[in-house]
Amino acid sequence: MLAPTVPAQAAADIPAVDEIVKSPNLQHVANLPKQTPFDQAGAYGTDLAFQDDYAYVGNYSGFTIYDISKPKRPVLVSQVLCPGSQNDVSVYRNLLFLSTDSSRSNDSCNSVGQSATVKESWEGVKIFDISDVRNPRYVKSIETDCGSHTHTLVPGKDRRTVYLYSSSYSPASRFPDCQPPHDKISIVKVPVRAPEQAALIAAPNIFPDGGNPGDGQPYPYGTSATTGCHDITVYPDKDLAAGACMGEGVLLDISDRENPKVTATARDDEHFAFWHSATFNNDGTKVVFTDELGGGGTATCDATIGDKRGANGVYDIVDGKLVFRSYFKIPRHQATTENCVAHNGSLIPVKGKDIMVQAWYQGGISVWDFTDSSNPHEFAYFERGPLSDTALTLGGVWSSYYYNGYIYNSDIEKGLDVLRLNDRRTNQARSVEVDILNAQTQYAYPERGRGHDDDDDD
């Protein structure tokens, strides 16, 4: 049953625990709570991917598959218990890829936590066959240095291969498989028709100069040193990628999928603490970078922090360089018990406009327009009140993505939310349908109907 909603309140007001507030142009049409065993303490909901009529949702305990053929009545299809943080997901045809960024006793789904100081510990990427969505089958694992905090699916130019750019960070001399300086990413090559042959093929050093040294202040509020990347978004048709790499944002040339090269760098040591994720506009002429100030676990959406930290940075790409234009942060203050900061989102496919829906943890979601790079503004939002009004409790929306007419939220504690946006600025997007969405793998909007065709051309 959906929670009752109330009209939006003044920015200084905080909703009651679990109370929903939203703009009039957003309709909350469904909520499917997490089910056992994914409703246990620490079984946090994470990232989302979509293919055809299914949504795939990561969880620290594994992943869940939902049938969303009727978005207002989503149905749980199956759950795979396979513990390991963060378990971010992507999908491609009959394959699902799962990132593990916590040191485990082995690569099985029955593993337990084990210190990264133990050489035999494992972390990296797992591959599942999802031909039968009711019974996914574990196919292969690939170990990567420092694990796989996130990964980005990069289709090969032959359409018979996909690459995974695995991002990881935070090396330490005491970790045998995560040694400093770790100025690299890991590249996994997957033959689509023979995923059991997937292998780590390269670990290019993309920061030969060492990257941003940071300011020496303690994590998570000081400027982070660059020791790898947190997330990478690719625009395959343009051979372009944007990396959010802890201490800086970068552009990469990925024309050679196995040898990406940094072509431009941006830093903001005054306002950005941790470059977290990136989103291109549809033309590939802008990038929105997010700053995950506080690491996602603290309250940074208040008057004390202000509107330039824990925010988005909007950059134009001018002559191949990243040129800063503005910051954007949600205009509603959150309670000191609410973790809140810029997080994962995706474009809403409106031709000629740059519009994005984005998660802000317990700040809920924001729909905002950055068509004018220097003057971004919000025009829709949805959020719940804090999980607790006495203690900071981790929760809120991890990822919010637009897919075939609806907005889907993966909430850390509340499960899957489905929303419908009714606004003249975005209604034309309803005519656009695609058959796959991995938010970190962007394609140009189709005119209408089904989108990018990844079928073999032989």
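Counting from 1, the numbers follow the sequence of the chain as shown.
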Hey, what's the ring geometry for [X] with [Y], parallel, tilted or perpendicular (30° and 60° as the breaks)?
X	Y	value
W360	F328	perpendicular
Y403	F50	parallel
H28	F382	tilted
Y169	H149	perpendicular
F274	H230	perpendicular
F128	Y138	parallel

* Test side-chain contact (heavy atoms from CB on, under 4.5 Å) applied to Q51 and I436, N438, L96, V434, the passing residue ->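 The residue from I436, N438, L96, V434 that satisfies side-chain contact (heavy atoms from CB on, under 4.5 Å) with Q51 turns out to be I436.
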Side-chain heavy-atom pair [X], [Y] within 4.5 angstrom cut-off:
X	Y	result
Y66	Y54	no
Y402	Y408	no
V190	T161	no
K184	I206	no
T117	F175	yes
F379	R425	yes

Before accepting this row, confirm whether a basic side-chain N of the pair [X]/[Y] lies closer than 4.0 Å to the acidic partner's carboxylate O.
X	Y	value
K353	D372	no
R104	E123	no
K119	D177	yes
E378	R332	yes
K329	D291	no
K261	D253	no
K34	E413	yes
D239	R257	yes
D354	K286	yes
D269	R267	no

Is the closest side-chain donor-acceptor distance between [X] and [Y] under 3.5 Å?
X	Y	value
S166	S186	no
S111	N106	no
S170	H182	no

* Kindly say whether the aromatic ring centers of H377 and W368 come within a distance under 6.0 Å. =>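 No, they do not, as the ring centres are separated by 6.0 Å or more.
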* **Between F289 and Y315, ring centroids under 6.0 Å** =>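 Ring-ring flag for F289/Y315: true, centres closer than 6.0 Å.
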* Asked: CD1/I407 to CD/Q358 distance, rounded to the nearest 0.5 angstrom?
  ->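 Taking CD1 in I407 and CD in Q358, the distance rounds to 12.0 Å.
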* To do: Please report the shortest heavy-atom distance between N344 and S399, naming the atom on each side.
  =>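 Where N344 meets S399 most closely, the heavy atoms are ND2-OG, 3.1 Å.
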* Keeping the roles fixed (side chain from T233, backbone from T279), state whether a donor-acceptor pair exists under 3.5 Å. =>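 Checked: no pair found.
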